[in-house]
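Notes follow the structure.
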Amino acid sequence: MMENPDDTVYSQAQARLRASIDINMPGLTVSSEINGVLSRQLSAPMVVEFVRSLSQSGSDSDSGRSSEANPSDREDILHNWSGIKTIARNDQVHHPTTVTEIAELIKHAQSKVHVIGSGLSYESLMSLALDDDDAVLLSLTNFHGLVSTTDTTATFAAATTVDEVVQTLGKMDRMMPCSLGVIGIQTLAGAISTGTHGQGLLQSDYASIVKSLKVVLPNGDVQTVTADNTVLPLSAFVTSLGTLSVILEVEIQTKPRRIFYCRKLALPYSEFLQRYPEWNHAYEYVKVWWFPETSLCQVWLVEEATPSQAAEFLATDRSAPLKVSSLSDSMDVTVEKYLKAMSHDTKASSSSDQPQFKTVRRFAEATDLVGYHEQILCKGIPAPQVNCEIAVPFEKFQAATEALQRWSKLQPGRIHYPFIYRAAGKSSAWLSPANAGPVVWIGFLVYVAEDGSVRSDGMETMQKLQQILLDFDGLPHWGKHFMDSYFEFSELLPNFEQFLQLRRQLDPKNKLLSSFLKRIFL
């Protein structure tokens, strides 16, 4: 079996969790304990989101957290896996084992009840006030694994990771009928709740493949939410950030497993700008990384493999995608330029084995591939970062990109990673930026140094890029860093007011609403 370089990073994440989090869960072996923590602490989607949140306000108190000094030094505090931001005290975290236990806890809650899926989404979504003894953070690691299947669907418990869903379906020669996101160690419930998506105009997001949900409402009632339920609309619940219910089970559509061919190209910016719409109509999955410092783009065009390509892959042990082209040196100069800048800003050698350098170095190791879709698309490497992603209407992609290019020329070297472009078709989820129609997601980030610092203009850059995309009806990824005051949710989301009305009806005491989300939903 070929070695997977991402396994090293996954092991490093486990080690970091082992060192920073002490959770005593009787009946678990050390190995399963760490895997359980990892499962509930790494989430969402898409690239990993290590958010140094609240940069605009500059205070933890705005997110409902205690403002005591240096909470990161306290061993009784649960952090995101990078150790940068606090989420809750360990004794605020509950690990229920039955549905009745969850229902009673929510029904009788005297303060906030939030759910942690894996902890790398924008932590303000679920963080608790450290001085609130009545607040509860639910970890559903006991609700895990395959529940049931039909010929065309599979039902999984909420804390099952996307990786595990893919592996389980693969054993049945089935697959998820949507593009996978970048990160597979997020929970399925977390992925749909934050609007996690993959790439490709011919599909949308994880939420759009959901057939039904089993949930606990704020009053403690256990309900099944389906597409034909007009009182509890599935489209409202699938992407609701934990503000309508606690999800227990997720039923998704499945389809026969297929094999894909990924063609990787290095092309100039001008060709990308002109041909991106064409590619998205012609190929099932399309992903582009634009490096503004060199005006070069790496383009991935993914389609179903030919019978001969599939046969060649199936003749291998199938543990890794089959490389069907030689290495190209077309990205080498670009990669070295970005590595050098990142080395300076993150205070680490460009030859370092740290994950942020691996993510960039991989662009110089590009070969065409044949394999299962998870082997091609779901290969993100976790690395501490400030990660933003904004969706603009598909028809505004070119104008938005030209605006980013103008800014990049005036502000060279401000980001550590190329702009990432992923299209998505119309989503059924009310809160999805794609609910009104197809969008192009534009991602950008800066990496965080080992000491937790970001380059001096890093947060200013993240804010400025969000502001630029506002002019093109931009809306943020719910699970990543965003400045809530910037965006016109009620104007750009057709069902936003209807969602607000439903949320008020279901949770009049705002038990499930974090202090951060109050600014959006109240």
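Keep in mind it's a predicted model, so treat the numbers as computed, not measured.
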Testing the 3.5 Å rule here: is there a donor-acceptor pair between the side chains of [X] and [Y]?
X: Gln203; Y: Ser179; value: no
X: His95; Y: Glu101; value: no
X: Ser111; Y: Asp132; value: yes
X: Asn510; Y: Arg503; value: yes
X: Thr196; Y: Thr194; value: yes
X: Asp163; Y: Thr161; value: no
X: Ser427; Y: Asn435; value: no
X: Thr150; Y: Thr153; value: yes

How many angstroms lie between [atom1] in [X] and [atom2] in [Y], if you round to the nearest 0.5 Å?
X: Asn495; Y: Leu431; atom1: CG; atom2: CG; answer: 9.0 Å
X: Gln463; Y: Ile468; atom1: CD; atom2: CD1; answer: 12.5 Å
X: Leu188; Y: Thr160; atom1: CG; atom2: OG1; answer: 7.0 Å
X: Ile390; Y: Leu465; atom1: CD1; atom2: CG; answer: 9.0 Å
X: Trp430; Y: Phe499; atom1: CH2; atom2: CZ; answer: 8.5 Å
X: Ser514; Y: Lys112; atom1: OG; atom2: NZ; answer: 7.5 Å

More than 12 non-hydrogen atoms from neighbouring residues, nucleotides or ligands closer than 6.0 Å to [atom1] on [X], yes or no?
X: Gln501; atom1: CD; value: no
X: Lys509; atom1: NZ; value: no
X: Gln467; atom1: CD; value: yes
X: Lys107; atom1: NZ; value: no

Over all heavy atoms of both residues, which pair between [X] and [Y] is shortest? Give the atoms and the distance, please.
X: Leu492; Y: Pro494; result: O-CD, 3.5 Å
X: Thr187; Y: Ala158; result: CB-O, 3.7 Å
X: Phe487; Y: Gly474; result: CD2-O, 3.3 Å
X: Val216; Y: Ala103; result: CG1-CA, 3.8 Å

Does any non-hydrogen side-chain atom of [Y] lie less than 4.5 Å from one of [X]?
X: Asn387; Y: His481; result: no
X: Phe521; Y: Leu513; result: yes
X: Thr226; Y: Leu234; result: no
X: Val225; Y: Phe237; result: yes
X: Lys464; Y: Met459; result: no
X: Trp478; Y: Ser193; result: no
X: Ile415; Y: Met462; result: yes
X: Leu213; Y: Thr224; result: no

### Summary
Paired with Gln199, the side chain to side chain contact (heavy atoms under 4.5 Å, CB included) test is passed by just one of Val286, Leu377, Ile420, namely Leu377
### Message
Quick check on side chain to side chain contact (heavy atoms under 4.5 Å, CB included): which of Leu169, Thr149, Val147 does Phe156 satisfy it with?
### Response
Leu169
Could you pull out all residues at least two apart from [X] that satisfy salt bridge (Lys or Arg N to Asp or Glu O under 4.0 Å)?
X: Asp173; value: none
X: Arg258; value: Glu284, Glu304
X: Glu374; value: Arg257

#### Entry: Aromatic ring proximity, centroids under 6.0 angstrom, Tyr417 and Phe444
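Centroid distance Phe444-Tyr417: not below 6.0 Å, so no.
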#### Entry: Worked verdict on Leu517 versus Thr243 for side chain to side chain contact (heavy atoms under 4.5 Å, CB included)
CA-CA 9 Å; Leu517 290 177; Thr243 65; 3.7 Å; yes
#### Entry: Donor-acceptor contact present, side-chain Asn229 to main-chain Pro233, <3.5 Å
no
### Message
Looking at Glu251 and Lys214, is any side-chain nitrogen of the basic one under 4.0 Å from a carboxylate oxygen of the acidic one?
### Response
no
#### Entry: Pair Met176-Tyr206, side chain to side chain contact (heavy atoms under 4.5 Å, CB included): steps then yes or no
CA-CA 9 Å; Met176 301 172 80; Tyr206 286 124; 3.6 Å; yes
